[in-house]
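Small disclaimer: the values here were computed from a predicted structure and weren't measured.
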Amino acid sequence: HGNRDRDALGPRMALVRQFRPPMDGYTIELPAGLVDAGETPAEAAVRELKEETGYLGVARVASSALCLSPGLTSETVSLVTVDVDLSAKGNDNPIAEPDEGEFVERLIVPVSQLGEELDRYE
């Protein structure tokens, strides 16, 4: 998921920080979720971005299904690039709408500083 901004920091990326019981700790992730019946991965990405960060976006490109652990599970993921226009109505004061029991912290990180930001949360 991308978040484009034309200020001096350049393009930004929307990430989420949330507690994951299987990891017994917090993780930094791209906004993500399950694809609902009748929904494309691109539609799911736009919906999840809104739920987890409050931002309204437009899907630009979606990958084909990718296997992360084919030796263990048949689960697949699709990576979707979503553009966010920060000047668009609704993005001036984004309000996340997480699912019940989901506690998500929005992080907006300049792509040029992504490595440093991730190191900060180790």
Side-chain angles (χ1 to χ4, degrees):
H1 299 276
N3 180 353
R4 293 183 182 238
D5 195 2
R6 298 186 188 269
D7 64 17
L9 296 175
R12 298 183 191 186
M13 182 174 256
L15 302 171
V16 293
R17 179 177 182 263
Q18 59 185 323
F19 186 81
R20 293 292 193 178
M23 301 299 295
D24 193 30
Y26 287 88
T27 61
I28 306 295
E29 308 170 19
L30 296 168
L34 299 176
V35 178
D36 292 339
E39 191 176 46
T40 68
E43 291 166 338
V46 170
R47 176 181 49 76
E48 288 291 339
L49 180 71
K50 172 66 174 153
E51 288 176 9
E52 296 185 358
T53 70
Y55 285 113
L56 302 171
V58 176
R60 189 164 39 103
V61 64
S63 74
S64 57
L66 304 169
C67 300
L68 296 181
S69 297
L72 299 174
T73 177
S74 62
E75 177 185 33
T76 61
V77 300
S78 292
L79 297 178
V80 180
T81 301
V82 177
D83 287 333
V84 175
D85 179 353
L86 295 177
S87 64
K89 183 177 180 172
N91 285 337
D92 53 343
N93 186 25
I95 298 172
E97 302 167 358
D99 291 332
E100 184 176 332
E102 192 175 44
F103 301 96
V104 179
E105 176 187 355
R106 176 181 60 225
L107 306 173
I108 304 301
V109 179
V111 172
S112 63
Q113 298 172 10
L114 182 59
E116 297 164 28
E117 279 295 312
L118 294 176
D119 288 346
R120 240 174 33 92
Y121 287 97
E122 276 191 12

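Nearest heavy atoms, L49 versus V82: CD2-CG1, 3.7 Å. Listed here is the closest heavy atom pair of A42 and A59: CB-CB, 3.7 Å. For F19 against Y26, the heavy-atom pair with the smallest separation is N-CD2, 3.5 Å. Across every non-hydrogen atom of L56 and G90, the tightest pair is CD1-CA, 4.1 Å. In plain terms, the two heavy atoms of N91 and P94 that are nearest each other are O-CD, 3.5 Å. In terms of heavy atoms, C67 sits closest to T76 at SG-CG2, 4.1 Å.
E97 contributes atom CD, which lies 11.5 Å from atom CD of E102 (distance to the nearest 0.5 angstrom). Taking CD from Q18 and OG1 from T27, the interatomic distance works out to 5.5 Å, rounded to the nearest 0.5 Å. One finds the CD atom of E52 at 8.0 Å from the CG atom of D99 (value rounded to the nearest 0.5 Å). Between the CD atom in E39 and the CG atom in L34 there is a gap of 9.5 Å [rounded to 0.5 Å].
Here the side chain of T53 pairs a donor or acceptor atom with the backbone of Y55 at under 3.5 angstrom. The backbone N or O of L79 lies less than 3.5 Å from a partner atom in the side chain of S63, making a donor-acceptor pair. The closest donor-acceptor contact from the side chain of D83 to the backbone of V58 lies at 3.5 Å or more, if one exists at all.
Under the 4.5 Å side-chain heavy-atom criterion for grouping Ile, Leu, Val, Met, Phe, Trp and Tyr, L107 is connected to V111 within one hydrophobic cluster. Under a hydrophobic clustering in which Ile, Leu, Val, Met, Phe, Trp and Tyr are joined whenever their side-chain heavy atoms come within less than 4.5 Å, directly or via other members, V104 and I28 fall into different clusters. One hydrophobic cluster, built from ILVMFWY side chains closer than 4.5 Å, holds both L30 and Y121.
Checked against side-chain contact (heavy atoms from CB on, under 4.5 Å), L114 has the following partners two or more places apart in sequence or in another chain: M13, L15, V109, L118.
Between E43 and R47, none of the side-chain N atoms (NZ, or NE/NH1/NH2) sits under 4.0 Å from a carboxylate O, so this pair counts as no salt bridge.
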